[in-house]
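Lettering of chains follows the sequences in order, A, B, ..., and the numbering in each one begins at 1.
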Amino acid sequence: MNIAVQCEELAKTFEKKNRVIALDRVSFTVEKHEIFGIVGPNGSGKSTLIRILSTLLIPDTGWARIFGHDVVRQYGRVRPCINRVSVDAAFFKGISAWENLRYAARLYGLSSGVAKERTLEILDRLGFERKRYYEPLEDLSRGMQQKVAIARAFFTAPMLLLLDEPTTGLDPRSKLDVQEYVRRSMNQDGLTIILTTHDMHEAESLCDRVAIIINGRFVTMGKPSELLARYKKNNLEEVFLEVTGREWKEIEYES
Amino acid sequence: MNPRGHAYGSIAFIERNFALIKRYIGWELVFLTYNVVNALAIGLIGATMGKDKVLYLVIGAMVWGFLSILFHEISESIAWERWEGTIEYTFMAPISRFVHLIGNCLHAVAYGVVRSTIILLILVVFFGISVEGANLPALFVIFVVSGLSFVGLGLVAAILPLLSTEKGAYATHIFEAVLLLISGVYYEITVLPVWIRPLSYISPATYTLRAMRAALLDGASFSELLPTILLLLAIGFVLIPLGMLVFKQAEYYAKKTGKLKRSG
């Protein structure tokens, strides 16, 4: 079996003031050692999908398996295999990067020695200044906090990484550092990544395959080169316009 | 995960919470000062009514201080994770909920013991309290068994901030305030209106205070205290698994309705 992730007819609705359909019968598979990109505007269902795969949300219908384990019924088997980076670097902001990472290490059964060695290596590669390692996270920039979040996800050596808009809001330098780190990790570690992003260029350059999601539905999916050929377009922004009837720049502006 | 991994898991919460205490040490000093002054003021009110009343009220302040720390720290740790948005990362980590909650409880007990010991020492020196004739070993046993029941209550209360960060925090404080009212912390429960009194009988703090006062003021023996100790033990053995079970159910509900999100 070469399949890392398999989703079949996944659906999720939230009962708020109005009924919100977050995911509408989404089906796809991701092969091992693949970077699978999901692009779509805010509220299109990207984070809902990531939360379901992270075992943090239970779908209404359909199922999802990670390395053959059901994310709802066998979450105990799924959790050691995965980690995640979300758009907001969620940490205990009053304590240092090191204290936050040591906490994460303990949760994954790693000693503080191993945690320090691995995280410093990752942070060095991300261009994070070592002297900031012991400062409270609230004193670090958003870009630096996100680099710590990347280190937290990578240092547990997951088989599947769920990157939920990891570069949104980052300065161009930090964005490039993170993209380069993801690219190099794929070459070296051979893990599997699901990447959601707002950045069409990022999707095109990093991902083996890309799905476009609108209103909880995958409207098209394939290798970037295949999508360009299928719709006879020059870039993914034009593909987006073709399949949704909306300008990507307009969506980005709304976001 | 192997047993060593689970041990690391429990240590994570103790280590993290003490790191947060160290970071906000200024506030810790403020809260400790307030607790000490509050206990001293209550003891001084007792001083106007006779020496016996000083100890009676000081026991109330001490016991309530310890039990409310346990209750508060456990429920607050979930609320804090909700505020920071880290709860999703804790919940997706490969540790059991039992290890997670026990880690928080162990921190609460260690923190409560340190805080309460500091307050006790200050009270003993300030009022020149003599514990001659008191059954001190029984005091320790009562602290431990009543700690179990308050850990259980804390676990039940922790579901409130899990389901709603802000409203949950309000409800937890109200729950704690009601316990203070009904448990006879500073007065005998017989002075409560008759319609409230049944609530006193279901609060473990009522039995803790009764046993503490008997051990300290009357020097009650172990055999005299045994029924109350067994009752507290039984409450703890019911409340802790119940708390775990209720928490698991609340976690399922939160995952079903999407309430684990920072804004949820």
Subject >> Under 3.5 Å: donor-acceptor pair, side chain of Arg16(B), backbone of Tyr103(A) >> reply: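 No; zero donor-acceptor contacts below 3.5 Å.
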**OP:** Examine distances only and state if a side-chain atom of Lys12(A) and a backbone atom of Lys256(B) form a donor-acceptor pair shorter than 3.5 Å.
**Re:**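 Checked: pair present.
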Subject >> Which atoms of Thr90(B) approach chain A - backbone, side chain, both or neither, heavy atom under 4.5 Å >> reply: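 Thr90(B) touches chain A through backbone and side-chain heavy atoms alike.
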Original post:
What part of Tyr24(B) gets closer than 4.5 Å to chain A, counting heavy atoms only: side chain, backbone, both or neither?
Top reply: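 Tyr24(B) touches chain A through side-chain heavy atoms alone.
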Side chain, backbone, both or neither: which part of [X] has a non-hydrogen atom closer than 4.5 Å to chain B?
X: Thr13(A); result: neither
X: Phe14(A); result: side chain
X: Val71(A); result: neither
X: Pro59(A); result: backbone
X: Ile52(A); result: neither
X: Ser111(A); result: both

Separation between [atom1] of [X] and [atom2] of [Y], rounded to the nearest 0.5 Å:
X: Met92(B); Y: Arg51(A); atom1: CE; atom2: CZ; answer: 11.0 Å
X: Lys93(A); Y: Trp83(B); atom1: NZ; atom2: CH2; answer: 14.0 Å
X: Ile11(B); Y: Ser112(A); atom1: CD1; atom2: OG; answer: 9.5 Å
X: Glu88(B); Y: Thr55(A); atom1: CD; atom2: OG1; answer: 10.0 Å
X: Thr257(B); Y: Leu57(A); atom1: OG1; atom2: CG; answer: 8.5 Å

Counting only heavy atoms from other residues, nucleotides and ligands, does the tally under 6.0 Å from [atom1] of [X] exceed 12?
X: Asn215(A); atom1: CG; answer: no
X: Glu117(A); atom1: CD; answer: no
X: Tyr134(A); atom1: OH; answer: yes
X: Tyr75(A); atom1: OH; answer: no

Original post:
Quick one: does Ile58(A)'s side chain get under 4.5 Å of Tyr253(B)'s, heavy atoms only?
Top reply: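 Not touching, per the 4.5 Å side-chain cut-off.
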Original post:
Less than 4.5 Å apart, any side-chain heavy atom of Arg152(A) and any of Tyr89(B)?
Top reply: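 Yes - at least one pair of side-chain heavy atoms lies under 4.5 Å apart.
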Subject >> Nearest atoms (heavy-atom pairs only) where Leu260(B) meets Leu56(A) >> reply: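 Between these two residues, the closest heavy atoms are CD1-O, 3.8 Å.
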